[in-house]
Protein chains: 2
Amino acid sequence: MDEPGTIYFTGTAGAGKTSLVTAFRSWLTTAGYSATVVNLDPGSESTTLQPDIDIREWVRLADVMQEYDLGPNGAQIAAADLVALKVFEVKQALSELRSDYVLVDTPGQIELFAFRESSKAILEALSGDRSLVAFLFDPTLAKSPSGFVSLLMLSATVEFRFRLPTYNLLTKVDLLTPAQVEEILSWGENPGALVDAVERDMPTPDAQLSSGVFRAIESMAPLMTLLPTSSQDLSGLEPLYRHAQQVFQGGEDLEPSHAPPDEG
Amino acid sequence: MDEPGTIYFTGTAGAGKTSLVTAFRSWLTTAGYSATVVNLDPGSESTTLQPDIDIREWVRLADVMQEYDLGPNGAQIAAADLVALKVFEVKQALSELRSDYVLVDTPGQIELFAFRESSKAILEALSGDRSLVAFLFDPTLAKSPSGFVSLLMLSATVEFRFRLPTYNLLTKVDLLTPAQVEEILSWGENPGALVDAVERDMPTPDAQLSSGVFRAIESMAPLMTLLPTSSQDLSGLEPLYRHAQQVFQGGEDLEPSHAPPDEG
């Protein structure tokens, strides 16, 4: 049996990580694949996720606040580092639950994941050759040109930092109009359209800043792909599966003992 | 009397925002200028800051957790948005405390400041023509080449998002060796040196990703300046003052009724 394919779901707080993990698990299961869900957020407040492996068994934000007499800010930082110390326990638990896919829900605040040395250690310990980061674009931020650029730069930073293939997903498209979705996707496909939108949106253009950021956008354009998804109507989950397979196996489906997912 | 010069101190959690605000206030006061300190972090756990205006008078993270029955993650997001609703109270309090400088301590997690629509509204309401963002580089992250690039991209994102002059400060240089400080500063001055350092540090080079990020680094190079500072030995505070003056007034010192700061 192949090593499982691991997908880390990350994005700014409120982008819909937990909902997408839950929806994608149920899509995979329906399609005949086995999936293990790992929660790496010691402060997770979700009651719907029901992870198979839960970092809160070892590190729980509320306990860290109490034990170290810290407020929520300080406790989140301490907890992020304590999680790194438990990574081998997580790895051990994973090795006992062999499945086709591992879906990892990362901490609510992306900063605790993307900008701390401890998370690099966590990813290095957990990731094999078949790993992928799904970077979620929150539509409330992505629908404005400057918010879109911010997310694009954050996604590029995450990709650069973790050196794992990174796939951008626009979440909650059910909350957007079709015209809004189309506009956002056009920014992802065409850096020129994005630059135009940013300029239209800019009250006081700053030539030096703009030209630097615009050239940065153009440099990153080859990395830009954006897949529209919804955890409500499950749109985008089949393309997410296809893309993950492509990354993990060069495009082949899993072995035929598994039912192929519906094309619908 | 001129409108006060406003400096927003931002950076990843633990970068030393609150310590630097405290140190810079005391530097300004010693130099004969008046400074108002504003705390915009509803979850601030600092006992040393003693702000003149404190968002916690209106929004307090612990109260939001209790009142809305939220955990720390959810409460931080809710609190960030509640802060935006109190911005006119802050503005009113500021107008009653006219001073030469306003130093704003922003939320511990930079994400709550940099990637939420509410903080754009806050900055637009509070900032006049004389405003500056001080973006703090945490030395634990800045001392590795990939961490440095991450911070550079985050700083560019913040500048792009808020469209305010942004000045990068390396904090806690007292915790680094002189050789480490010199190396970090060389990356800020010379994109080529940074690219070399990143390549040396990279176990598995990814040509497409690297060339995209490297071209982005080079595009952003004109925006790169990095001032070494320490809240312990107060180094860098006089250059920070000079730079702020340059931005606020085109390089002129404040009116001569104020004692000029020591050059030492």
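Here is how names work: the chains are called A, B, and so on, in the same order as the sequence lines, proteins then strands, and each is numbered from 1.
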**OP:** Report, as yes or no, whether the 6.0 Å neighbourhood of atom CD on A:Q180 holds more than 12 heavy atoms from other residues, nucleotides or ligands.
**Re:**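 More than 12 within 6.0 Å, yes.
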Could you tell me which of [options] has the largest number of non-hydrogen atom pairs under 4.5 Å with chain B?
options                       : result
A:D138, A:L61, A:L151, A:I110 : A:I110
A:L154, A:D41, A:N73          : A:N73
A:P107, A:G147, A:S150        : A:S150

Original post:
Of the backbone (N, CA, C, O) and the side chain (C-beta and beyond), which part of A:T140 lies under 4.5 Å from a heavy atom of chain B, both, or neither?
Top reply: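 The backbone, not the side chain.
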Original post:
For A:E45, is it the side chain, the backbone, both or neither that has a heavy atom under 4.5 Å from a heavy atom of chain B?
Top reply: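 Only the side chain of A:E45 comes within 4.5 Å of chain B.
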Original post:
Between A:E111 (side chain) and B:A13 (backbone), is there a donor-acceptor pair under 3.5 Å?
Top reply: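 Pair found, side chain donor or acceptor close to backbone of B:A13.
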**OP:** Dump the intermediate steps for side-chain contact (heavy atoms from CB on, under 4.5 Å) on A:V158 and B:M153, then the final yes or no.
**Re:** CA-CA 10 Å; A:V158 165; B:M153 292 183 71; over 6 Å; no
Original post:
Going by heavy atoms in the side chains, are B:L112 and A:Q109 under 4.5 Å from each other?
Top reply: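 With C-beta onward as the side chain, the pair touches.
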Original post:
How many angstroms lie between OG in A:S146 and NZ in B:K120, if you round to the nearest 0.5 Å?
Top reply: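 Here the interatomic distance stands at 3.5 Å.
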**OP:** List the atom of A:T12, the atom of B:F115, and the distance in Å for their closest heavy-atom pair.
**Re:**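 Shortest heavy-atom contact: CG2-CB, 4.0 Å.
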**OP:** For each of B:G43, B:S44, B:S144, B:A75, tally heavy-atom pairs with chain A at distances under 4.5 Å, and name the one with the top tally.
**Re:**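 That would be B:G43.
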